[in-house]
Number of protein chains: 2
Amino acid sequence: MALKSTPTSSPAPTATLDDWADVRFFLAAAREASFSGAARALGTDQSTVSRRIAALEAALGHRLFERGARTLACTAFGAQLVEPARAVERAVLALADAAHASEQGVRGRVRIALTEGLAQHVVVPFVLPALLQRFPELAIELLTSDQAVDLGRHEADLALRFFRTPKGPLVGQRVARLPVALLVARTQLRRFAALPPRELPWIRYVHPAFEPPEARWLEAIGAPRARLECTSVETQLAAVRAGLGVAFASRAFLRVMPELAVLEGEALPTPPPLEIFLATRATLRKVPRVAAVYEALVARLRALAAE
Amino acid sequence: MALKSTPTSSPAPTATLDDWADVRFFLAAAREASFSGAARALGTDQSTVSRRIAALEAALGHRLFERGARTLACTAFGAQLVEPARAVERAVLALADAAHASEQGVRGRVRIALTEGLAQHVVVPFVLPALLQRFPELAIELLTSDQAVDLGRHEADLALRFFRTPKGPLVGQRVARLPVALLVARTQLRRFAALPPRELPWIRYVHPAFEPPEARWLEAIGAPRARLECTSVETQLAAVRAGLGVAFASRAFLRVMPELAVLEGEALPTPPPLEIFLATRATLRKVPRVAAVYEALVARLRALAAE
DNA sequence: TCAGCGCCATGCATCTTCGCATATCACGAC
DNA sequence: GTCGTGATATGCGAAGATGCATGGCGCTGA
């Protein structure tokens, strides 16, 4: 029994959100500030995002995005929907976690986010062999990125990081304290040992979300901004091996890179050890496949650090 | 960088919920305990529900429903996903409300849930004419049902009910106290006046979520279970007009049904007035199109009750 | 200034998905 | 016992959605 008083004018503003998948498209577009970026994040095509957003705008009766030439910005109407849309996402992700909660046995895929260095020199050689052999149905995905992945958004199941993760839906613990040393190419050992610390050619590791332990000390002694900065420890150490300078890094690299040596001196600091933290979502912590990897990482990393 | 150790066996249990719309299908099927019922609720076909649920089960690697012959029941796995799915629904509905929050002007569709009696005898003749004329872009949908609609699930925007709605996301107020009388067909007035109350042929109105004010009194005097029970006030009054018995109802019906009269007597009670409550979601209360209808209902119903 | 690039919108061929219809089955009523 | 009802699963044709390709546009950098 519907009385429609406006047969022609005014699109009916009372739109019901029929396809909940549209929320995902909207949120991705808003987050990426780009239809193309949203398409990449969603694993679909840009045209699909464009058309679905257009359809959603038509259904809602308002434009959600202001299409600039190079920039996509939420309209005022769209902006007030971002936080509710994130709430929908959180609910869906919680649902996905609930679906995993009843999993039995160590089988399936576990995604671990870590740095290239931890992946190549620690996890792959010392953790994975025994782990994969012990659990034949376990699959591991190593997400090596210097970007801090968002565990809360399910971008990974486990994360090995150099910084403690904030509380909340995440849990974790410190798994290693790696002694740090000032590394230098053996060929340059003599030359650099003669220089005062502040004149050393520092090669620094920079990370958007992590400040290395030695950073403060370098500031304190007035070391100039490094001639070379890297966002990758591998590249940093490659530069050290090439004789371009000195860098603080875990002593563990000495074992796999015999061309490196430790530069020591009275004026040189002994920075605090590098701490490695393992984190996961609380809802995943007891899921067998995650717990198996979690505990293997804790055990092996602790054993390695104790050597 | 993915290491898949199980190329053949075991479907990957780590399934990402790619299409959030599936949540809606799952929830509808779980709620209705039927694919057919879910299809009706979603406005789609039963085959679509069946196939999407099957696809979802395949993606999750577990069956969600146990297909009995006549009954559809959640499996243990599915049962633990119902509450998370409801959380998703709440988030989506909140998003829909947020989309309405910025609406300007009184335009669009407003759905009012009420009984047939209130619709035919009160809202349509005394509220809608002025309302629709004053707001040309307003459209009204009258959902006449004896089932109590779930405002929280957006089944309607406004509800006129005989009982106060529980607090929480809903707001509302009492809009009328209708004096109640014992109505009888004029032709039967003499005959019924001679009977003691407990021997009167009561025609009772029954409602799954509402107990009429006179119910307790009838119990108290030991009136037998009514010979005729109706879930519709219209039918109930039709029975009274046909001379089948007596019924408590609003005195207002006397104005539109001249063939009715009031049966009075010393042993007869004057039951408490019938209260009518108006309710809406808090998030909609200030949306112009809802507020206009809300306030028109309050004003007109109060004026009518005061006559 | 101009070429290059990345972004969004749109036409078109294709493929998935939907809705209708049918088959099958189980339960309950007569 | 038999029939009728309502449920789910599946075949088939059609409609809708998707992905690829193109075009237009504005910004960036040489």
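Order of the sequence lines fixes the chain letters, A, B, ..., with proteins taken first and strands second; residue numbering starts at 1 for each chain.
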Worksheet item: Taking atom P of D/dT8 as reference, at what distance in whole Å does atom CZ of B/Phe65 sit?
Response: 10 Å
Worksheet entry | Whole angstrom value for the distance that separates P of C/dA9 from CD1 of A/Ile53 | 10 Å
Worksheet item: With a 4.0 Å cut-off, would you call B/Glu57 and B/Arg51 a salt bridge?
Response: no
Fill in: Inter- and intrachain pairs under salt bridge (charged side-chain N to carboxylate O under 4.0 Å, His left out), touching residues 75-90 of chain B, at least two apart
B/Arg31-B/Glu89, B/Glu83-B/Arg90, B/Glu89-B/Arg153
Fill in: Euclidean distance, A/Asp97 CG relative to A/Thr283 OG1, rounded to 0.5 Å
3.0 Å
Discussion item. Expressed as a whole number of angstroms, how long is the span from A/Glu32:CD to C/dG6:P?
Written reply: 16 Å
Worksheet item: Between the side chains of B/Thr75 and B/Glu66, does any donor sit under 3.5 Å from an acceptor?
Response: no
Practice prompt. Please work out if B/Ser36 contacts a base, only the sugar-phosphate, or nothing of the nucleic acid, heavy-atom cut-off 4.0 Å.
Written response: base
Worksheet item: With sugar-phosphate meaning primed atoms plus P, OP1 and OP2, does B/Thr71 contact a base, only sugar-phosphate, or nothing at under 4.0 Å between heavy atoms?
Response: nothing
Worksheet entry | Distance (rounded to the nearest 0.5 Å) between A/Arg24 CZ and A/Leu42 CG | 5.0 Å
Response to the item:
In whole angstroms, the gap separating P of D/dG6 from CD of B/Gln46 amounts to 14 Å
Item to complete: State, with a plain yes or no, whether a side-chain heavy atom of A/Ile112 is found less than 4.5 Å away from one of A/Leu143.
Response: no
Worksheet entry | Interatomic distance where CZ belongs to A/Phe35 and P belongs to C/dC7 [whole Å] | 13 Å
Short N/O separations, protein against nucleotides 24-26 of chain C, under 3.5 angstrom:
none

Worksheet item: Does a side-chain N-to-carboxylate-O contact under 4.0 Å join B/Asp157 and B/Arg109?
Response: no
Worksheet item: Which whole-number value in Å describes the distance from B/Glu57 CD to D/dT8 P?
Response: 12 Å
Discussion item. Quick one, A/Leu56 and A/Phe25 - any side-chain contact, counting heavy atoms below 4.5 Å?
Written reply: no
Protein-nucleotides 17-19 of chain D N/O pairs closer than 3.5 Å?
| residue | atom | partner | partner atom | Å |
| --- | --- | --- | --- | --- |
| D/dT18 | OP1 | A/Arg52 | NH1 | 2.9 |
| D/dG19 | OP2 | A/Thr44 | OG1 | 2.6 |
| D/dG19 | OP2 | A/Asp45 | N | 3.4 |
| D/dG19 | OP2 | A/Thr48 | OG1 | 2.8 |
| D/dG19 | N7 | A/Ser47 | OG | 3.4 |
| D/dG19 | N7 | A/Arg51 | NH2 | 3.1 |
| D/dG19 | O6 | A/Arg51 | NH1 | 3.4 |
| D/dG19 | O6 | A/Arg51 | NH2 | 3.0 |

Worksheet item: OP1 or OP2 of D/dT8 less than 4.0 angstrom from a side-chain nitrogen or oxygen of B/Ser50, does that happen here?
Response: no
Worksheet, complete the sentence: Between CD of B/Glu66 and P of D/dA7 the distance, given in whole Å, is 19 Å
Worksheet, complete the sentence: Per-helix bend value, the helix from C/dT1-D/dA30 to C/dC30-D/dG1, C1' rotation axes over five pairs per end, 10° rounding, shows 30°
Fill in: Under-4.0 Å salt bridge between B/Glu137 and B/Arg107
yes
Worksheet item: Sequence neighbours excluded, which residues qualify as salt bridge (charged side-chain N to carboxylate O under 4.0 Å, His left out) partners of B/Asp19?
Response: B/Arg52
Practice prompt. Only counting residues at least two apart or in another chain, list the ones meeting salt bridge (charged side-chain N to carboxylate O under 4.0 Å, His left out) with B/Glu32.
Written response: none
